[in-house]
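In the text below, chain A, chain B and the rest are named by the order of the sequence lines, each starting its count at 1.
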Number of protein chains: 2
Amino acid sequence: MPQTPRRAERPQGNRYGNRPTMKDVAARAGVGLKTVSRVVNGEPGVTPDTERRVQEAIDALGFRRNDSARVLRKGRTASIGLVLEDLADPFYGPLSRAVEEVAREHGALLINGSSAEDPDREQELVLALCARRVDGLVVIPAGDDHRYLEPELRAGVATVFVDRPAGGIDADVVLSDNFGGARDGVAHLIAHGHRRIGFIGDMPRIHTAAERLRGYRAAMEDAGIPVEESWMSLGVTDPERVRRAAEEMLAGPDPVTAVFTGNNRVTVTVVRVLAEHPRGVALVGFDDIELADLLRPGVTVVAQDAAALGRTAAERLFRQLDGSLLVPERIELPTRLITRGSGELPPAEG
Amino acid sequence: MPQTPRRAERPQGNRYGNRPTMKDVAARAGVGLKTVSRVVNGEPGVTPDTERRVQEAIDALGFRRNDSARVLRKGRTASIGLVLEDLADPFYGPLSRAVEEVAREHGALLINGSSAEDPDREQELVLALCARRVDGLVVIPAGDDHRYLEPELRAGVATVFVDRPAGGIDADVVLSDNFGGARDGVAHLIAHGHRRIGFIGDMPRIHTAAERLRGYRAAMEDAGIPVEESWMSLGVTDPERVRRAAEEMLAGPDPVTAVFTGNNRVTVTVVRVLAEHPRGVALVGFDDIELADLLRPGVTVVAQDAAALGRTAAERLFRQLDGSLLVPERIELPTRLITRGSGELPPAEG
DNA sequence: CCCGAGCCTGACAACGTTGTCCAGGCTCTA
DNA sequence: TAGAGCCTGGACAACGTTGTCAGGCTCGGG
């Protein structure tokens, strides 16, 4: 009778699209549940013969341990979260990769999230990661208030901020010497005879942008050069706006003879503008850009080491998880001035 | 008596570094467990007054739902995995970001993994993601045998391959028209008078590399040009080796007058070599590179749209999860020849 | 031959959440 | 005022795994 109604409806497995569980494996191998668990986790105390039977059942059924259940039981997820601004930005790719590499050394997976520089989205992402009970968080903040993380910190979620400090909470932070780097870059231009130096950067509410601006001002002040408002553009850095800002600085009766750009995206745009510009205008940019050495003139930059930022942060994160790290610290990595020509152009008057 | 031994040892919460659970929230709010669950999930059937009490308890304790337990219960993780070669490569950043964006639209998180072009590592990553019960996988394969995925596919894990097809299994794949793009690029060089055209590409075991090589050969054959072995370099693409290969092609009694490069990394290296080279050597590269338009000459490339690859793959993935997609398909996206100068140089004899 | 030691093995509870189901209290109507 | 029906709230099991613990087996020594 082919139509006999079956009592046991599920042939094997169940949800998760019919995945076999340890129970199924145990049944097939004719052993107890716990024995399967032991084999799967390589625990001792299983006869080679039993182990073989279990292994065969595992292979036959295509069993894979359900880590959700494991996590629930064990309390550690072996995964960490990374929240950054935009993975498509060439600055963050290497950073993310460095974090991943350290995570891998510690047997952890990396969950990425892009905040798109939106504080709400940052918070949403961070909390989603916490709900998944990541063991730790590496955050490149978009917002400047991170008190929403207090319960997480109390609960023992390891946390390291990168590139910009946290707001309102006391946490580890790894960043570049934005102030010193910008000051050195601008000083470099001054040393080559420039006095009217433009600055195009991001919104000052972003910590890195503010620090770089501060470096610019410091260098100018050190040289006794009063800064004019018209030399500065601080704001959204979409190419169109940057282009206009650069063109305005270069026009008029008293144009700048050099420009300091506040990040890689701005630098690229300004390089384009200068390529169309008749006069030689000096340029130093913050962040290295690919192929900068092949342009004529080569683009002089203040380079930061994105991979080192990521690596340092991740290593600190895992040291927090080891328990070997107690007091939050601020770690500043040096920047490096790479001269390639564009920063060494002399001022061309008029 | 302050020293009275307490029976209930845990003040609230437990593992996970003392996180409060719904039980703790329920106790504090003086309601049942399920009521808390209802509030947390915004389910109907809770009086405003009760809801307020629960919400206060949640805020006071800093409760966050434990998604591990939720996943265990519900069977969906709302996360997808992306395995690619190297996140630090400028080709993969935008691709990953595009996948993330689609995932976000569907309320899912993205877990990234870099295989470093190592088949074992690819498998390790994919299986780790499956153990975490990601709902779906986007894979840029490093290996060419994916039969290890069979149990996962049977279990209903949505899977889309990108950039290169899967080996040994029938699965969705989204890729660029590598053959056509390379053929067009080489034909472009031929149209500008070149006959001795070099090809520097990756190991032919990589599908994209093989296809581009095939395109090169096809274009040459179409033009009736016999290809000489010494014009081709297929292998590891570290800068040093590429540099040597390029220099060899350009030296000797019968040097190439143009080079077709098989990917972005190779192109960059060859641009460097050509910059030092006295003769004008034409160049067309596969993959666009940043600032290519600012070099002199500008670098002519066959561009593929990394973001479109990622977006298309992710959208297909979620359509698989909807159940609205049944038969695996192969989707090929067109490439685009962008002429900027380097590909239009005439052959400079001797 | 009997007993103890040591090794395998499996039954059971627990992790934190959600789905099912039922009880109790309320309102509204006849 | 009583009954019907609705709405709110809670008890309970289940998801798949691992830690605890106890039972049964074998083997060797007395």
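Two residues are said to be in side-chain contact when any heavy atoms from C-beta on lie closer than 4.5 Å; A/Leu82 and A/Ile111 fail this criterion. Side-chain atoms of A/Arg38 and A/Pro44, non-hydrogen and from C-beta on, never get closer than 4.5 Å to each other.
Note on A/Asn41: only backbone sugar-phosphate atoms sit closer than 4.0 angstrom, heavy atoms only; bases stay farther off. Nucleic acid contact for A/Val31: sugar-phosphate only, since backbone atoms but no base atoms lie under 4.0 Å from a heavy atom of the residue.
Within a heavy-atom distance below 4.0 Å of DNA chain D, no residue of residues 50-59 of chain A is found.
For the pair A/Arg73 and C/dA14, the criterion of a side-chain N or O lying under 4.0 Å from OP1 or OP2 is not met. Using a 4.0 Å cut-off, no side-chain N or O of A/Thr47 falls inside it from OP1 or OP2 of C/dC8. Listed pair B/Arg65 / C/dT18 meets the phosphate criterion, a side-chain N or O lying under 4.0 Å from OP1 or OP2. Phosphate contact (OP1/OP2 of C/dG19, side-chain N/O of B/Lys74, threshold under 4.0 Å): present. Contact between the side-chain N/O atoms of B/Ser37 and the OP1/OP2 oxygens of C/dT17 is not found at any separation under 4.0 Å.
Atom NZ of B/Lys23 and atom P of D/dA11 are 12 Å apart (whole Å). Put simply, CG on A/Asp24 is 9 Å from P on D/dT17, counting in whole angstrom units. Between the CG atom of B/Leu33 and the C1' atom of C/dC15 there is a distance of 13 Å, given to the nearest Å. Atom-to-atom, CG of A/Asp49 to P of D/dC25 comes out at 17 Å; the value is rounded to the nearest Å. Regarding B/Arg70, its CZ atom lies at a distance of 16 Å from the C1' atom of D/dA14, rounded to whole Å. Regarding A/Arg38, its CZ atom lies at a distance of 14 Å from the P atom of C/dC7, rounded to whole Å. Look at CE on B/Met22: it is 15 Å from C1' on D/dG9, rounded to the nearest Å. Distance CZ (A/Arg132) to P (C/dT17): 15 Å, rounded to an integer number of Å.
In this structure a side-chain-to-backbone donor-acceptor pair under 3.5 Å is missing from B/Asp322 to B/Ser324. Judged purely by atom type and a 3.5 angstrom limit, A/Arg164 has no side-chain atom pairing as donor or acceptor with the backbone of A/Leu175.
In the set C/dT17, C/dT18, D/dC15, the nucleotide with an atom closest to the side chain of B/Lys34 is C/dT18. Taking every side-chain heavy atom of A/Asn66 into account, D/dG16 is the closest of D/dG16, C/dT17, D/dG9.
A side-chain donor from one of A/Asp172 and A/Gln320 sits under 3.5 Å from a side-chain acceptor of the other.
Across every non-hydrogen atom of A/Gly168 and A/Arg147, the tightest pair is O-CG, 3.5 Å.
Under the 4.0 Å criterion applied to side-chain N and carboxylate O atoms, A/Arg316 and A/Glu329 are assigned as salt-bridge partners.
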